[in-house]
Amino acid sequence: MATRTSDDLRADAARAPGTDIGRDPVSQPLSDAALDLIGREKTFGARNYDPLPVVLARGQGSWLADVDGHRYLDLMSAYSAVSFGHANPRIVGALVAQAQQLGVTSRAYYNDELPLLLERLAQLTGLDRALPANGGAEAVETAMKAARKWGHKIKGIPEGRAEIIGCQGNFHGRTIAVIGLSTEPQYRDGFGPFPPGLSTIPYGDADALERAITPRTAAFLVEPIQGEGGIVVPPEGYLARSLEICRKHRVLMICDEIQTGLGRTGRFLASEYDGVKPDGVILGKALGGGLLPVSAFVATHDVMQVFHPGDHGSTFGGNPLASAVAMASLDVLFEERLIERSASLGEWMLGELQDLRGGVVKDVRGRGLFLGIEVDERYTTARPVVDRLLARGILSKDTHDTVVRIAPPLNIPRDDLAWAIGEIRTVFRELERDLKRAA
Ligand SMILES: *Cc1c(COP(=O)(O)O)cnc(C)c1O
């Protein structure tokens with residue numbers, strides 16, 4: 001299949017019939033078709049989400065269209081799962097070709113795709129072995145199981161006593177063990193009891209890590225940049241110092257790079273900023289090329305040796321279809337130089353947005369195309385900003401009440417990003433004007 005450039009993708013989106021950018025909620029109320037779909041979801045679905053009022057039906061590159069043909073620029077990328085754009089032609093091509101060849105085999109047999117992905121993941125991370133899974137939380141659970149077993153069998157912690165230290169404000173997923181480590185009251189409320197042996201320390205504070213380590217500590221689990229926590233960038237050298245402390249006390253350092261990995265922050269892994277190679281890395285989201293859930297725990301031989309046949313597994317983990325899609329995603333990432341692109345576009349966008357600071361905007365921060373605009377809670381939450389951006393045709397998402405998350409596909413055309421920066425400026429100007437009027 002011929003490789004299409006981002007400009008081609010944008011041209012395709014522009015050719016879509018009957019489209020206009022954004023939807024003004026007053027003059028363009030939701031259509032009956034959209035309301036019908038929203039009604040069905042609210043009636044028949046568990047209400048564990050509160051989506052923005054847009055019903056998406058098509059995606060191409062960095063652009064999405066709703067059921068009524070309104071277009072939106074995607075600055076969210078499904079929480080970085082769509083880092084290579086919607087319907088990326090190379091990744092879709094790999095998906096279709098592999099689906100026609102062989103989809104799912106289970107790990108009862110070898111297949112001719114998974115070995116290549118495992119080798120690739122080991123080489124790219126500089127680690128030894130990978131264990132494939134599907135969703136992110138599942139790979140985090142895998143890492144936690146590996147860490148505990150390593151603690152008991154290799155480090156010599158008494159059986160059943162291994163401890164894992166995480167950070168306050170973390171997000172590692174939604175399973176019971178994982179939320180056992182969460183410090184977000186809503187994520188935990190009513191879901192206990194949680195597994196023992198889990199504790200948290202302040203993020204960005206390496207001394208707190210050293211104080212928290214006990215002879216029973218097996219691992220320190222950390223995000224190189226806290227994503228859901230509000231795009232929190234730790235002090236320079238934090239991971240390097242943490243790794244030093246972990247080494248000194250024979251504790252594993254495991255980096256959750258599910259969101260920060262695969263070029264999102266302008267490096268292949270965000271932990272590269274501190275020049276560290278942790279004992280284990282967790283990948284997910286973008287690894288599935290925006291098409292499938294694909295995740296992996298990648299670690300040293302020292303850690304992975306704890307797994308013997310039958311110790312752990314997943315029916316779908318490492319299936320040929322997922323493996324082919326993951327490899328095509330990595331090909332796109334490297335061959336289209338998207339890591340460098342994330343670094344340069346991100347630096348430019350951060351510079352452009354930083355002069356918004358003052359007034360409603362308290363801080364603008366991030367690395368690569370992983371940016372957060374924090375509003376001052378004295379004036380507003382992030383949600384009105386997100387709503388106004390939606391009306392103007394930009395999809396973003398509030399996180400932690402006061403932060404607007406900006407994480408577009410890494411191959412977003414620069415012109416589209418420039419347009420979005422202008423719209424973001426306008427939204428903040430209008431918001432400040434309206435807040436002044438209301439005061
Ligand atoms: C999204 C995310 C997860 C969980 O991934 P799921 O695929 O939603 O289970 C874990 N860790 C981090 C850092 C994430 O951003």
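Only heavy atoms go into these numbers, but all of them, side chains included; no hydrogens, no water, no symmetry mates. Just so you know, ligand 1 is whichever comes first in the structure, and atom 1 is the first atom listed for that ligand.
In this structure, the side chains of Pro215 and Glu163 stay at 4.5 Å or more apart for every pair of heavy atoms. Considering only heavy atoms from C-beta on, Glu374 stays 4.5 Å or farther from Val364 through its side chain. Looking only at side-chain heavy atoms (C-beta outward), Leu431 and Tyr379 stay at 4.5 Å or farther from each other.
For the atom pair Ser182 OG and Arg188 CZ, the distance stands at 6.5 Å (nearest 0.5 Å).
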What are the atom names and distances for all N or O pairs under 3.5 Å between ligand 1 and the protein?
unit_1: ligand 1; atom_1: 7 (O); unit_2: Gly136; atom_2: N; d: 2.8
unit_1: ligand 1; atom_1: 9 (O); unit_2: Gly136; atom_2: N; d: 3.3
unit_1: ligand 1; atom_1: 9 (O); unit_2: Ala137; atom_2: N; d: 2.8
unit_1: ligand 1; atom_1: 11 (N); unit_2: Phe171; atom_2: O; d: 3.3
unit_1: ligand 1; atom_1: 11 (N); unit_2: Asp256; atom_2: OD1; d: 3.4
unit_1: ligand 1; atom_1: 11 (N); unit_2: Asp256; atom_2: OD2; d: 2.6
unit_1: ligand 1; atom_1: 15 (O); unit_2: Gln259; atom_2: NE2; d: 2.7
unit_1: ligand 1; atom_1: 15 (O); unit_2: Lys285; atom_2: NZ; d: 2.6

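Cation-pi geometry between Arg414 and Trp348 is satisfied (NZ or CZ under 6.0 Å from the ring centre, within 45° of the ring normal).
A perpendicular orientation is assigned to the rings of Phe220 and Tyr238, their planes being inclined by more than 60° (bins at 30° and 60°).
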